[in-house]
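In what follows, a single structure is set out as structure tokens and then discussed.
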Amino acid sequence: MADKTNEFSFESLQDCGSVASFLDAIKEGLAGGSLVLAADEKELTLGPQGLLRFKIRAKRGSYRSQIVLKISWREELPTGSGEASALTIKKGPSRGG
């Protein structure tokens, strides 16, 4: 998998069993703290941690139904990545008087 980017997209027609297998892998990756998505020379590794935002939307129409899942989380900033320094406020020396 040569192309390591920050974005991954994949779409195809799959049977219910295959989609269930993908969902099982996502479940295991979330539980273990690491997900690797790969297809067509593209690969993205994600490290879900802390609190995750979970959103699900479903609708049924006359000819097409869908379920949309969205899972997101905040990434930990790497050290030295331009994080703001901790703020310190303290009383200064007293003025004479």
Side-chain angles (χ1 to χ4, degrees):
M1 305 291 159
D3 185 17
K4 300 218 179 202
T5 64
N6 290 327
E7 201 169 309
F8 180 87
S9 182
F10 177 81
E11 185 174 338
S12 70
L13 293 175
Q14 302 281 333
D15 61 36
C16 285
S18 296
V19 172
S21 294
F22 290 140
L23 293 173
D24 285 341
I26 291 170
K27 177 186 124 184
E28 290 172 13
L30 289 172
S34 181
L35 284 162
V36 178
L37 306 165
D40 300 327
E41 300 298 316
K42 293 187 180 188
E43 181 177 298
L44 179 64
T45 300
L46 300 171
Q49 59 188 351
L51 294 175
L52 281 64
R53 180 175 304 275
F54 177 74
K55 181 179 179 180
I56 184 168
R57 189 175 83 230
K59 68 180 180 179
R60 181 177 55 208
S62 300
Y63 300 103
R64 174 180 270 178
S65 298
Q66 71 176 2
I67 299 172
V68 178
L69 299 173
K70 184 175 182 179
I71 302 166
S72 59
W73 59 92
R74 293 197 179 267
E75 296 286 338
E76 225 178 79
L77 293 175
T79 45
S81 67
E83 296 181 72
S85 301
L87 173 64
T88 302
I89 300 176
K90 59 184 179 181
K91 179 182 173 191
S94 298
R95 291 188 179 193

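A pairwise comparison of heavy atoms in P48 and G29 identifies CG-O, 4.3 Å as the closest pair.
Residues L30 and V36 are members of separate hydrophobic clusters, defined by side-chain heavy-atom contacts under 4.5 angstrom among Ile, Leu, Val, Met, Phe, Trp and Tyr.
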Kindly list each side-chain donor-acceptor pair under 3.5 angstrom involving residues 49-57, sequence neighbours excluded, with atom names and distances?
none

Listed pairs under 3.5 Å, donor-acceptor, residues 8-28 side chains, sequence neighbours left out:
{"unit_1": "S12", "atom_1": "OG", "unit_2": "Q14", "atom_2": "NE2", "d": "2.7"}
{"unit_1": "D15", "atom_1": "OD1", "unit_2": "G17", "atom_2": "N", "d": "3.2"}
{"unit_1": "D15", "atom_1": "OD1", "unit_2": "S18", "atom_2": "N", "d": "2.7"}
{"unit_1": "D15", "atom_1": "OD1", "unit_2": "S18", "atom_2": "OG", "d": "3.0"}
{"unit_1": "S21", "atom_1": "OG", "unit_2": "G17", "atom_2": "O", "d": "3.1"}

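In this structure, R64 has no side chain to side chain contact (heavy atoms under 4.5 Å, CB included) partners at least two apart in sequence or on a different chain.
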